[in-house]
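Worksheet: one structure, shown below.
Letters go in sequence order (proteins before strands), and every chain restarts at 1.
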Amino acid sequence: MQFDIMAKDAGSNARAGRIETAHGVIETPIFMPVGTAGTVKAVHHKDLDQSIKAQIILGNTYHLYLRPGLETLERAGGLHRFMNWNKPMLTDSGGYQVFSLAHRRKLTPDGVTFQSHIDGSRHFFSPEHAMDIQRVIGADIIMAFDECTPYPCDYQYAKKSMDLTHSWLKRCCNHFDLGQGRYGYDQTLFPIVQGSIYRDLRADSARIVSDYNCRGNAIGGLSVGEPIDKMYELTELVCSILPHEKPRYLMGVGTPENILESIALGIDMFDCVMPTRNARNGMLFTSEGIINIRNLKWKNDFDPIDPSGTIFVDQHYSRAYLRHLFTANEMLGPMIASLHNLRFYLWLVEQARAHIIAGTFTSWKKSMIPGLTKRL
RNA sequence: GGGGGGAUACCAGAGCGGUCAAAUGGAGCAGACUGUAAAUCUGUUGGCGAAGCCUUCGGAGGUUCGAAUCCUUCUCCCCCCA
């Protein structure tokens, strides 16, 4: 994997770059649709590729390990071939499940025992195991196994959690270096900065992570309920410490506004379930404002879903029709909304990139924010 | 023609003398959702309001301190036998 910075914004820390992987190029800043279980929910790969223009998608170690399981993934020749997605892919390590499935896992210095949300069976994940599983899945970029620190969190626990993540990072790197890609192409490991909302912890973590000299770095443990200003403050701090010549990935973020603000702070990569999950729940993001398509006000609105939208569904279907699909619980509704939201997110980062290159990013961002946060 | 059952909020449907503005579903309306246990979850649905007050359980009348609940009658619906 290689990263090149093509342009830097004058008025902020935003940059436009290019990541080259074995499965193709990613132009940054980029948003990565989340495909937890080997599918970006409700979206065909053809649409993901040609209409949404996704450049890289996510998979999840924990979910794929449980289903379909390693044997099937290995026999298939890895997740790329299993799901027939030939572009770049990234897998999360299961570190987020340490947080989101906190009530059904047991954490020890050695690793985490999860109780499956599917059948209740118990499975032990160590940092080494997380590396092995991600080797079998075969994503181009894989993530270190961490504890996504919960919020709120007192200083003592935040420190302990961060130290644990660091000790696991060492084990991840050691184990990762011993292995190799099993399908004939290289994989890259990204470490993850933790430290909750504490500036000194975040700074320590950023320095420690930087020292591993990986080819890209991630910031985790944010957007877990802390005030948004805190998230920006800590992102800015961590970006100032992480190496500038390597891609920075802000995990789990966020709203369209969060993404533009974080690009300005120096983030290159994002992922979030928001465009897909919220789409399935009837929320559409547009440059003019946020639409809750189930609301009565759209019942007889026969205008296109998003007149300035850049995917076929935006002009092809009316708001009234989409509302009808949601009201009637028709599966086409969530499908259309998912196509719309993902294209909007990809369009947004494409625009950000173009404006960084053109030198107009800061003013463009300022002009965009009101429309991104307004409720229609 | 004879016998029986029933009418409850938008719909379906509990309740069968005070703890009932009335269970529970559905539908409706609104909100939430940030490295996906999520096509999920939460709130709300007689009227005005902060507690509280006011009008409701097919219509009319009655019994009672008190009625959605008991009695009389009217209207309408369903079932069975001829």
Side-chain angles (χ1 to χ4, degrees), chain A residues 31-43 56-64 66-67 90-105 114-120 130 134 139 141-151 165 190-194 218-228 230-232 235 249-259 261-262 267 269-285 290 292-299 323 325-338 341 345 375:
Chain A
F31 177 80
M32 308 182 282
V34 178
T36 306
T39 160
V40 174
K41 295 186 194 298
V43 179
I56 171 172
I57 62 171
L58 257 69
N60 184 285
T61 301
Y62 166 82
H63 294 265
L64 292 166
L66 290 179
R67 277 191 309 213
L90 179 152
T91 41
D92 187 26
S93 61
Y96 186 72
Q97 279 62 47
V98 178
F99 161 79
S100 67
L101 301 179
H103 58 288
R104 49 192 314 137
R105 55 78 172 156
F114 287 103
Q115 189 161 13
S116 163
H117 67 283
I118 299 163
D119 64 6
Q134 291 185 92
I141 300 171
I142 73 173
M143 301 306 299
F145 191 51
D146 65 334
E147 182 191 7
C148 177
T149 308
Y151 178 88
T165 289
F190 279 22
I192 303 171
V193 173
Q194 288 290 342
I219 306 171
L222 290 177
S223 65
V224 289
E226 78 284 1
I228 292 301
K230 258 305 188 224
M231 178 174 98
Y232 294 146
T235 299
Y249 165 26
L250 181 56
M251 306 183 77
V253 173
T255 65
E257 180 190 25
N258 292 162
I259 287 174
E261 296 297 356
S262 302
I267 299 295
M269 303 164 72
F270 299 89
D271 80 284
C272 190
V273 303
M274 193 171 273
T276 41
R277 179 187 287 168
N278 289 28
R280 293 194 303 281
N281 294 330
M283 179 184 273
L284 278 71
F285 298 95
I290 296 166
N292 181 345
I293 200 63
R294 292 174 316 185
N295 286 175
L296 186 60
K297 69 208 289 191
W298 310 117
K299 186 173 173 62
R323 179 180 192 275
L325 294 176
F326 270 92
T327 301
N329 228 347
E330 285 291 335
M331 64 176 83
L332 183 59
M335 290 168 68
I336 291 171
S338 297
N341 277 354
Y345 267 61
R375 301 254 164 188

Can you identify which nucleotide, out of [options], has its nearest atom closest to the [X] side chain?
{"X": "A/T327", "options": "B/rC33, B/rG28, B/rA37", "result": "B/rG28"}
{"X": "A/V253", "options": "B/rA32, B/rU36, B/rU34", "result": "B/rU34"}
{"X": "A/Y96", "options": "B/rA37, B/rA30, B/rC33", "result": "B/rA37"}
{"X": "A/M251", "options": "B/rU34, B/rG35, B/rU36", "result": "B/rG35"}
{"X": "A/L296", "options": "B/rC33, B/rA30, B/rA37", "result": "B/rA30"}
{"X": "A/R280", "options": "B/rA39, B/rA30, B/rA37", "result": "B/rA39"}

Can you check the distance between [N] and [M], where both ends of the measurement are the [atom1] atom (answer in whole Å)?
{"N": "B/rA21", "M": "B/rA30", "atom1": "P", "result": "30 Å"}
{"N": "B/rA12", "M": "B/rU19", "atom1": "C1'", "result": "27 Å"}
{"N": "B/rC74", "M": "B/rC20", "atom1": "P", "result": "35 Å"}
{"N": "B/rU24", "M": "B/rA32", "atom1": "C1'", "result": "25 Å"}
{"N": "B/rC11", "M": "B/rG61", "atom1": "P", "result": "25 Å"}
{"N": "B/rU63", "M": "B/rA67", "atom1": "C1'", "result": "10 Å"}
{"N": "B/rC33", "M": "B/rU40", "atom1": "C1'", "result": "9 Å"}

Tell me whether the side-chain N/O atoms of [X] come closer than 4.0 Å to OP1 or OP2 in [N].
{"X": "A/N60", "N": "B/rU36", "result": "yes"}
{"X": "A/N278", "N": "B/rU34", "result": "no"}
{"X": "A/S100", "N": "B/rG35", "result": "no"}
{"X": "A/Q97", "N": "B/rG35", "result": "no"}
{"X": "A/R294", "N": "B/rA39", "result": "no"}
{"X": "A/R277", "N": "B/rU40", "result": "no"}
{"X": "A/T36", "N": "B/rU36", "result": "yes"}

Comparing A/N292 and A/F99 on RNA chain B - which has the more 5′ nearest nucleotide: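 The residue whose closest nucleotide sits nearer the 5' end is A/N292.
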Toward the 5' end of RNA chain B, by each residue's nearest nucleotide, A/G254 or A/M331: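 Looking at the nearest nucleotide for each, A/G254 comes out on the 5' side.
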Look at all strands and tell whether [X] reaches a base, only sugar-phosphate, or nothing, counting heavy atoms closer than 4.0 Å.
{"X": "A/N295", "answer": "sugar-phosphate"}
{"X": "A/I228", "answer": "base"}
{"X": "A/R375", "answer": "sugar-phosphate"}
{"X": "A/G333", "answer": "nothing"}
{"X": "A/N281", "answer": "base"}

Just how far, in rounded Å, is [atom2] of [N] from [atom1] of [X]?
{"X": "A/Y151", "N": "B/rG35", "atom1": "OH", "atom2": "P", "value": "18 Å"}
{"X": "A/F326", "N": "B/rA38", "atom1": "CZ", "atom2": "C1'", "value": "13 Å"}
{"X": "A/M32", "N": "B/rU34", "atom1": "CE", "atom2": "C1'", "value": "13 Å"}

A/F114 and A/Y62 aromatic ring geometry - parallel, tilted or perpendicular at 30°/60° bounds: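 It falls in the tilted class, 30° to 60°.
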Base of B/rA37 paired with side chain of A/H103 (donor-acceptor, under 3.5 Å): yes
Would you mind pulling out the nucleotide paired to [N], Watson-Crick or G-U wobble, both distances under 3.5 Å?
{"N": "B/rG17", "result": "none"}
{"N": "B/rA9", "result": "none"}
{"N": "B/rG1", "result": "B/rC81"}

Stepwise side-chain contact (heavy atoms from CB on, under 4.5 Å) check, A/K41 with A/S338: CA-CA 8 Å; A/K41 295 186 194 298; A/S338 297; over 6 Å; no
Spacing of CD1 belonging to A/I267 relative to CD1 belonging to A/I219, to within rounding of 0.5 Å: 4.0 Å
